[in-house]
There are 2 protein chains.
Amino acid sequence: MPKPARILPMPDPSSRFEKVNKESTRDKVYRSLRNAILSGQLHCGERVKEIPLAQELGVSRAILREAMQQLIHDGLLESNSYRGARVIELRPEQIDEIIEARILLEGRAVRLATERIQNSQREELQAFERLLNKEKDPLKAGQLDLLLHQRIWRISGQAMIEKLLLQLTSPLFAMSLLMRSAETRGHEQMPALPRGTHKRLVDAICFGTPAKAAQELEAHLTENWTAIRRRVAEFVAREEAGKL
Amino acid sequence: MPKPARILPMPDPSSRFEKVNKESTRDKVYRSLRNAILSGQLHCGERVKEIPLAQELGVSRAILREAMQQLIHDGLLESNSYRGARVIELRPEQIDEIIEARILLEGRAVRLATERIQNSQREELQAFERLLNKEKDPLKAGQLDLLLHQRIWRISGQAMIEKLLLQLTSPLFAMSLLMRSAETRGHEQMPALPRGTHKRLVDAICFGTPAKAAQELEAHLTENWTAIRRRVAEFVAREEAGKL
DNA sequence: TATTGTAGAATTGTCGACAATCTGACAATC
DNA sequence: GATTGTCAGATTGTCGACAATTCTACAATA
């Protein structure tokens, strides 16, 4: 593997020691900014100015720029020369595109995971699912959901698909959280994420067939994202109306 | 769309004017390095030192580092802190992983392309295919092949899938070219790329059904890459033997 | 009044220098 | 002789300053 870098550090059973990778300042800044976007603290369309941000983070602009470069590549920021960077604004059609690609890739991943899963991983997935089911805070639930999916990708053993999925979900996750934060800023209530599909997906991976698992995944993703997609569409429409 | 950036500039019929994006030094450096890797001038596993390279390119290290950051994200370079960056070395299993993901994504792309293709695009694809068929130089043929595929992705209208495929093919393309350049450095002849499948793929997209096109794509990719995969395996085995 | 030209401020692009870390060779120790 | 400590040389990580470009507001012009 060409260094499964920047993929979440999960225990690697093939070595008796954990890796001792000191995290560079750039990577810390990268994670910090990524979290800020994914938790809605840097909101949708917001301009990102280098000097104030570098000061706030306590690093030089050079480092910040390198981190921003990665975020641009992730698709979380967009920039024009001499005109600054902004947090992306997703349009509803893009959500469809992303979900479609995600169903393709993650469908393959869950099929493989169902074939390759070990007993210890079965227990881990189920424990995760129980944890997620008990979580009331929708923000934390969203983060747990992402982590659960990442475990599944890792179990599939396909590093390349894992990498692509990780990239694919960044903007999606941002969008879902932005919607939630928009809601708390004075719009009506966000419908709660449907939770039941998680258990069915995990059960299918642990004890079902690959085909069954892929089917559950598609149902799970479709159900989860239909609501958010509609919400985004309404949100965008309202914004447009406000401007005119 | 959040700026289809860094994707090859193709004409955009929705505007009467071409975009007037001045290319930043960073992007020039990025393209230059990318070409150097993809054409085998920076070869497999080679260490990339910042100071000499920056001098050779005539830019400062800060700029070079930002460009390298993107290449690391592309998966063409890998770096460890304070230990420098190297051009990636692919292992045969990775080629399988990449091809598998590519068949998933590009399969969807050609289905969509078959449904959405316009007459002018049909002519363009066929012209491209004829050009590719006449090209004798395997290096140029490889580049034309990549360009042809990129046109197809663009026709599919799925920006996200296009972006993922572009990323996916970088290391693949590098690998195929590295194999070719290794051959010219004293190994036996590389078997020529099979060409016939291109015409069948293009014809299927232009005049066939989505299912037929997807089937042709899978055949095309499998046929093209089986040879290269085997060659990589032999190459790696020889390297290992040489070290022991 | 609507359009165009023109400073100045604000912001990003670029650079060279210094600090932190790694590498490899050689000496010290057992 | 093999292992461990230590020191230079090389390379990367980080920073602050300067140059280039864009933006904003206001004046000039018709």
Side-chain angles (χ1 to χ4, degrees), chain A residues 2-3 5-6 17-34 36-37 42-43 45-74 76-88 243, chain B residues 2-3 5-6 17 19-34 36-37 42-43 45-88 243:
Chain A
K3 185 192 181 193
R6 224 157 286 117
F17 305 100
E18 58 181 299
K19 285 203 174 167
V20 50
N21 276 339
K22 272 165 259 177
E23 192 176 31
S24 66
T25 309
R26 174 187 59 239
D27 285 342
K28 282 183 202 152
V29 170
Y30 169 77
R31 279 198 309 117
S32 170
L33 286 179
R34 192 169 193 277
I37 296 175
L42 281 172
H43 56 268
E46 179 172 346
R47 171 79 177 276
V48 177
K49 293 178 191 171
E50 296 180 0
I51 296 176
L53 187 52
Q55 285 176 344
E56 194 175 337
L57 288 163
V59 299
S60 73
R61 277 180 59 221
I63 301 301
L64 173 63
R65 282 173 62 89
E66 289 185 12
M68 284 172 64
Q69 207 57 39
Q70 298 182 222
L71 289 164
I72 290 170
H73 211 109
D74 282 340
L76 288 175
L77 292 180
E78 55 183 345
S79 91
N80 296 92
S81 78
Y82 287 108
R83 224 164 300 170
R86 295 180 174 282
V87 180
I88 48 144
K243 279 174 191 165
Chain B
K3 183 192 181 193
R6 223 157 284 118
F17 305 100
K19 285 203 175 168
V20 49
N21 275 341
K22 271 166 260 177
E23 191 176 31
S24 67
T25 310
R26 175 187 57 240
D27 285 343
K28 281 183 203 152
V29 170
Y30 170 76
R31 278 199 309 117
S32 170
L33 287 179
R34 193 170 192 277
I37 296 175
L42 280 171
H43 56 265
E46 179 172 346
R47 170 78 177 276
V48 178
K49 293 178 192 171
E50 295 181 0
I51 296 176
L53 187 52
Q55 285 175 345
E56 194 174 338
L57 288 164
V59 299
S60 74
R61 277 179 60 222
I63 301 302
L64 174 63
R65 282 172 62 89
E66 289 185 10
M68 284 173 62
Q69 208 57 37
Q70 298 182 223
L71 290 164
I72 290 170
H73 211 109
D74 282 340
L76 288 175
L77 292 179
E78 55 184 345
S79 91
N80 296 93
S81 78
Y82 287 109
R83 223 165 300 170
R86 294 180 174 282
V87 180
I88 49 146
K243 280 175 190 164

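- A donor N or O paired with an acceptor N or O is not found under 3.5 Å between the base of C:dG13 and the side-chain atoms of A:Arg83.
- Atom CD1 of B:Ile63 is separated from atom P of D:dC15 by 17 Å (rounded to the nearest Å).
- OP1 and OP2 of C:dT14 both lie 4.0 Å or more from every side-chain N or O belonging to B:Ser60.
- Residue A:Asn80 contributes atom CG, which lies 9 Å from atom P of D:dC23 at whole-angstrom precision.
- Atom CD1 in A:Ile51 sits roughly 7 Å away from atom P in C:dT12 (whole-Å rounding).
- Proximity of B:Asp27 to B:Gln70: side-chain heavy atoms (C-beta onward) are separated by under 4.5 Å at one or more points.
- In this structure, C:dC30 and D:dG1 make a Watson-Crick or G-U wobble pair, each of the two defining distances being under 3.5 angstrom.
- As rounded to whole Å, 16 Å separates atom C1' of C:dA9 from atom OH of A:Tyr82.
- For the pair B:Glu50 CD and C:dC22 C1', the computed distance is 14 Å after rounding to whole Å.
- One interatomic measurement links the two molecules: CG of B:Leu64 to C1' of C:dG16, which rounds to 15 Å at whole-angstrom precision.
- Counting to the nearest Å, the C1' atom of D:dT11 and the CE atom of B:Met68 are 11 Å from each other.
- Put simply, the side chain of B:Glu66 reaches to within 4.5 Å of the side chain of A:Glu66, judged on heavy atoms.
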- Message: Checking B:Leu33 against B:Leu77 for the side-chain contact (heavy atoms from CB on, under 4.5 Å) test, could you report, in this order, the C-alpha distance in whole Å, the side-chain angles of both residues, the deciding distance, and whether it holds?
- Response: CA-CA 10 Å; B:Leu33 287 179; B:Leu77 292 179; 5.6 Å; no

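- Phosphate contact (OP1/OP2 of D:dT14, side-chain N/O of A:Thr25, threshold under 4.0 Å): present.
- Computed from coordinates, the B:Arg61 CZ to C:dA20 C1' distance equals 12 Å when rounded to whole Å.
- Closest to the side chain of B:Arg47, from the set C:dT11, D:dT11, D:dG13, is D:dT11.
- Within 4.0 Å of A:Val29, counting heavy atoms only, lies no atom of the nucleic acid at all.
- Distances shorter than 4.0 Å separate some side-chain N or O of A:Arg65 from OP1 or OP2 on C:dG13.
- Between A:Ile88 and A:Ile37, the closest side-chain pair of non-hydrogen atoms is not below 4.5 Å.
- Looking at the side chain of A:Val59, the nearest of the listed nucleotides D:dC15, C:dT12, D:dT11 is D:dC15.
- Residue whose closest nucleotide on DNA chain D sits further toward the 5' end, between A:Gly58 and B:Ala85: B:Ala85.
- The only option from A:Arg26, A:Gln69, A:Arg65 that meets the side chain to side chain contact (heavy atoms under 4.5 Å, CB included) definition with B:Arg65 turns out to be A:Arg26.
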